[in-house]
Asker: 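Below is one structure. I have some questions about it.
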Amino acid sequence: MLDTDPAAGPAELLHRARAGRHLPHLVLSALERDGVRMGEPARAELGRARERVDRYARLAADLACSTGVRAIGGLPLARYYPAGLLRPLETLDLVAPDEAALWQAVIRLVTDHPVEHIDVSLLGERPHHTAVTLHWPAEDPLVDPWYRVHLSTAALPGDGRGVPVRPYLVADDHVECLIALAESCLGGPDLPPGPLAVLDVAGLAGRPFEAAEAAAVLAAYRLAPEASALLDHAAEYVPLGPLAAVRAALGPHVAAEHRRRGEAPPGARRAGTRHGALLRRTVIRHTWGEARLLTPGPGTSLLLTPVADYLLTPAREAVAEPATRTAALDALHSWDTLC
C-alpha cells in the first residue's frame, strides 16, 4: 500500500510511512511485533504513541460515565486490531446524546487538560447540531501530534447536500465501525481510502457480519456507495471474509442511493455550517447547559458557550473584517454589563 520495495528493508518502509503523522506508529508496532531491531528513539516514539491511545481510552471511559458521551470511529475500531498492533488515533471522536452532555464533557476536558484551542461549529439551521474540537499539546509538541478530541451532537454529519445529518448511530459495534468508516469517505476528495482504512477493514473482516442485515443498515444510513467503494478497494489488499457477502448484498442499494441523491433539486445549496471565530476565552460558565446565540446586528451572529465566545462565519477559513470583529466585541461587552 505504501509502494515500497520489500528489498529496501524496514527503514525505507518507515520513511514512506512518515508522509502521514500517525501511520509511522502503526508501522513501528508491526516492526516490533516482527522482532525487527530498533533503537531507543524508535521505541520511545512507539511508547508515546501507545500512551496516547491509552489516554484516549481512559478519557472516553471517564466521559462516558460522567456525561453520557460515547466514542465512535477510531477508538472502537482499535479493538479489532490484532494484539500488539497499534491502531494510531489522530482524534478521539465522541458523540453526545444532547447539547448539555456535550458541554459537560467540554468543561471536564478544559478543566483537566491544558487545552489551547477550542473550535466550534454549528451544523444546519433549525434545529442545529453542535460540534466542538479541543486541542492541547503532546508531551513533545514539536515531534508528536497534539491531542485532539472532537465532540458532536450529530453522530454522522453527512455531506450537506444529498446526505443529511443523521444524529443517531444504533447498530452492533462492528457494524457501527463499518458505518463510521464509510461516513469518513463521504464527500471527500476523489481518492482511494488510505492504508489505515484498509487495515480497519481487515480488522472488521474477522467479525460475524450478517450480510443482508448489514447491507440494509448501511443503506438506511445512506452510505451504500461509500461502503461499496471502500470494500472494493480493500479487497485489492486484504481478504474480506464475511464482508465479501456484505459487498455483494450492497449492490441494489448502491443504485438506489445514487438515484436518491440524483433526485435532489438542481443547485441545492450546502446545508448551513457556521464556524466560530474565537473572540475570547471565558471563565467556565458551569451553570450553562447550552450555548446562546446573539444577533447584535444584521449579518452578525455571536455564539456564547460555557467556555468561550465566538463570532459565527459561514466558512472555516473566513476572517472577519476588523470593523465586524470590533462590533462583535462591543456587543459582548454590552452583554456583560447587562448580566
Asker: Which heavy-atom pair separates T295 from S301 by the least distance, and what is that distance?
Answerer: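 Result for this residue pair: CG2-OG, 3.8 Å.
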Asker: Please step through side chain to side chain donor-acceptor pair (under 3.5 Å) for the pair R55 and H113, ending with a clear verdict.
Answerer: CA-CA 12 Å; R55 189 172 185 181; H113 303 279; 3.2 Å; yes
Asker: Check V198 against Y237 and note the closest heavy-atom contact, atom names and distance.
Answerer: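 Closest pair (atom of V198, atom of Y237, distance): CG1-CB, 4.0 Å.
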Asker: So do the side chains of V246 and L218 get within less than 4.5 Å of each other, counting heavy atoms only?
Answerer: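 When only atoms from C-beta onward are counted, L218 and V246 do touch, with a gap below 4.5 Å.
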Asker: Got L122 and L293 here, is their nearest side-chain heavy-atom distance under 4.5 Å?
Answerer: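 Yes, at least one pair of side-chain atoms sits under 4.5 Å.
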Asker: For the backbone of A96 and the side chain of T153, can you confirm whether one donor and one acceptor N or O come within less than 3.5 Å of each other?
Answerer: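 No, the answer is negative, given that no donor and acceptor are paired below the 3.5 Å cut-off.
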Asker: Which atoms form the tightest heavy-atom contact between V69 and A105, and what is the distance?
Answerer: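 Smallest heavy-atom distance, with atoms named: CG1-CB, 4.1 Å.
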Asker: Hey, what do you get for CD (E183) to CG (D159), rounding to the nearest 0.5 Å?
Answerer: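 So the CD of E183 and the CG of D159 are separated by 8.5 Å.
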Asker: Do V120 and V115 land in one hydrophobic cluster if side-chain heavy atoms of ILVMFWY residues count as linked below 4.5 Å?
Answerer: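 V120 and V115: one cluster.
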Asker: State plainly whether one hydrophobic cluster holds both L186 and Y221, where clusters connect Ile, Leu, Val, Met, Phe, Trp and Tyr through side-chain heavy atoms under 4.5 angstrom apart.
Answerer: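 Yes; tracing contacts between hydrophobic side chains, which count when under 4.5 Å, links both residues.
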Asker: Show your reasoning for whether side chain to side chain contact (heavy atoms under 4.5 Å, CB included) applies to H150 and D119.
Answerer: CA-CA 9 Å; H150 177 78; D119 300 325; over 6 Å; no
Asker: For a side chain to side chain contact (heavy atoms under 4.5 Å, CB included) check, start with the C-alpha distance between R87 and D200, then their side-chain angles and the critical distance, and finish with the verdict.
Answerer: CA-CA 8 Å; R87 195 227 185 253; D200 287 341; 2.8 Å; yes
Asker: I'd like to know whether R108 forms a salt bridge (Lys or Arg N to Asp or Glu O under 4.0 Å) with D62, so could you lay out the CA-CA distance, the side-chain angles of the two residues, the decisive distance to 0.1 Å, and finally the verdict.
Answerer: CA-CA 10 Å; R108 286 186 65 91; D62 174 63; 3.0 Å; yes
Asker: Would you check if D173 and R79 make a side-chain contact, meaning some heavy-atom pair closer than 4.5 Å?
Answerer: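 Counting from C-beta outward, D173 and R79 do come under 4.5 Å.
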Asker: Are the side chain of D172 and the backbone N or O of V175 linked by a donor-acceptor pair below 3.5 Å?
Answerer: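 Here the side-chain-to-backbone pair does not exist.
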Asker: Look up atom SG in C177 and atom CG in L204, then write down how far apart they are to the nearest 0.5 Å.
Answerer: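 These two atoms lie 5.5 Å from each other.
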Asker: To check you understand the geometry: which heavy-atom pair defines the closest contact between C185 and P193, and what is its length?
Answerer: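 Between these two residues, the closest heavy atoms are SG-CG, 4.4 Å.
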Asker: Between the main-chain N or O of A7 and the side-chain N or O of D5, is there a donor-acceptor pair closer than 3.5 Å?
Answerer: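 At least one qualifying donor-acceptor pair exists.
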Asker: Can you confirm if the NZ or CZ of R148 lies within 45° of the ring axis of W146 and under 6.0 Å from the centre of its six-membered ring?
Answerer: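 Output no; distance or angle outside limits.
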Asker: Does R48 pair with D140 as a salt bridge, N-O distance under 4.0 Å?
Answerer: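 No.
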Asker: Please test E45 against R50 for salt bridge (Lys or Arg N to Asp or Glu O under 4.0 Å), starting from the C-alpha separation and ending with a verdict.
Answerer: CA-CA 9 Å; E45 181 180 358; R50 291 194 189 281; over 6 Å; no
Asker: Determine, stepwise, if the pair E116 / R281 fulfils salt bridge (Lys or Arg N to Asp or Glu O under 4.0 Å).
Answerer: CA-CA 10 Å; E116 293 193 13; R281 291 279 292 266; over 6 Å; no
Asker: Checking T305 side chain against V307 main chain: does a donor-acceptor pair fall under 3.5 Å?
Answerer: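 Yes; at least one donor-acceptor contact below 3.5 Å.
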Asker: For E139, I'd like to know if atom CD has over 12 heavy atoms of other residues, nucleotides or ligands within 6.0 Å.
Answerer: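 Count not over threshold, so no.
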Asker: Please give me the minimum heavy-atom distance between L75 and A60, naming the atom from each residue.
Answerer: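 What the structure gives for the nearest pair is CD2-CB, 3.6 Å.
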Asker: Can you tell me how far apart CH2 (W335) and CG (D330) are? Round to the nearest 0.5 Å.
Answerer: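 If we round to the nearest 0.5 Å, W335:CH2 and D330:CG are 15.5 Å apart.
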Asker: When clusters are formed by joining ILVMFWY residues with side-chain heavy atoms under 4.5 Å apart, either directly or through shared neighbours, do Y80 and V217 land in the same one?
Answerer: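 Per the 4.5 Å side-chain linkage, Y80 and V217 are co-clustered.
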Asker: Would you mind reporting whether P242 and R207 have side-chain heavy atoms less than 4.5 Å apart?
Answerer: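 SC-SC contact between R207 and P242 ruled out.
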Asker: Given the rule in the side chain to side chain contact (heavy atoms under 4.5 Å, CB included) test, do L230 and H233 qualify, once you have shown the distances and angles that lead to the verdict?
Answerer: CA-CA 5 Å; L230 171 65; H233 178 71; 5.8 Å; no
Asker: Go through R259 and E263 one step at a time and tell me if the salt bridge (Lys or Arg N to Asp or Glu O under 4.0 Å) criterion holds.
Answerer: CA-CA 6 Å; R259 285 195 301 271; E263 292 167 358; 5.8 Å; no
Asker: Would you say the side-chain atoms of R18 pair up with the backbone N or O of P24, donor to acceptor, closer than 3.5 Å?
Answerer: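 No; zero donor-acceptor contacts below 3.5 Å.
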Asker: Distance check, rounded to the nearest 0.5 Å: T130 atom OG1 versus L303 atom CG?
Answerer: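 Answer rounded to 0.5 Å: 7.0 Å.
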Asker: Is there a path of hydrophobic side-chain contacts, each under 4.5 Å between heavy atoms, that joins V53 and Y56?
Answerer: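 Yes, because V53 and Y56 connect within a single hydrophobic cluster, where side-chain heavy atoms sit under 4.5 Å apart.
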Asker: If we ignore hydrogens and angles and just use 3.5 Å, is the side chain of E90 paired with the main-chain N or O of H22 as donor and acceptor?
Answerer: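 Looks like no, no N/O pair under 3.5 Å.
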Asker: For the atom pair OH (Y310) and CG (L279), what is the distance rounded to the nearest 0.5 Å?
Answerer: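 Answer rounded to 0.5 Å: 9.5 Å.
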Asker: Does the side chain of V163 reach to within under 4.5 Å of the side chain of E257, using non-hydrogen atoms?
Answerer: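 Counting from C-beta outward, V163 and E257 do come under 4.5 Å.
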Asker: Please check this pair: side chain of R70 against backbone of V95, looking for a donor-acceptor N/O pair closer than 3.5 Å.
Answerer: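 No, R70 side chain to V95 backbone: no donor-acceptor pair under 3.5 Å.
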Asker: Is there a side-chain contact between L23 and L26 in this structure, where contact means two heavy atoms from C-beta onward sitting under 4.5 Å apart?
Answerer: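 They are in contact (side-chain heavy atoms under 4.5 Å apart), so the answer is yes.
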Asker: Run the salt-bridge test on R261 and E226 with the 4.0 Å N-O cut-off and return the result as yes or no.
Answerer: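 E226 and R261: salt-bridged.
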Asker: Do H135 and Y147 make the cut of ring centroids closer than 6.0 angstrom?
Answerer: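 When the ring centroids of H135 and Y147 are compared, they turn out to be at least 6.0 Å apart.
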Asker: Are the side chain of T282 and the backbone N or O of I284 linked by a donor-acceptor pair below 3.5 Å?
Answerer: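 No, the answer is negative, given that no donor and acceptor are paired below the 3.5 Å cut-off.
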Asker: Do I72 and V165 belong to the same hydrophobic cluster, where Ile, Leu, Val, Met, Phe, Trp and Tyr are linked whenever their side-chain heavy atoms lie under 4.5 Å apart, directly or via other members?
Answerer: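 Different clusters.
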Asker: For L86, is there any backbone N or O sitting under 3.5 Å from a side-chain donor or acceptor partner on S29?
Answerer: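 Confirmed, S29 side chain pairs with L86 backbone.
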Asker: Output yes when a side-chain donor or acceptor of D98 lies under 3.5 Å from a complementary backbone atom of A100, and no otherwise.
Answerer: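 Side chain of D98 to backbone of A100: a pair is present.
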Asker: Within the structure provided, determine whether W136 and V149 are in side-chain contact (heavy-atom separation under 4.5 Å).
Answerer: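 The answer is yes, as the side chains (C-beta and beyond) meet within the 4.5 Å cut-off.
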Asker: Taking atom CZ of R166 and atom CG of L223, what is their separation to the nearest 0.5 Å?
Answerer: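 It comes to 5.0 Å.
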Asker: Could you tell me whether R37 atom CZ has more than 12 heavy atoms of other residues or ligands within 6.0 Å of it?
Answerer: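 Not more than 12 within 6.0 Å, no.
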Asker: Hey, mind stepping through L77 and L181 against side chain to side chain contact (heavy atoms under 4.5 Å, CB included) and telling me if it holds?
Answerer: CA-CA 9 Å; L77 277 162; L181 269 179; 4.0 Å; yes
Asker: Identify the heavy atoms of I179 and A171 that sit nearest to each other, and give their distance.
Answerer: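 Heavy atoms of I179 and A171 come nearest at CD1-CB, 4.4 Å.
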Asker: Would you call L302 and P296 a side-chain contact if the rule is heavy atoms closer than 4.5 Å?
Answerer: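 Heavy-atom side-chain distance check passes, below 4.5 Å.
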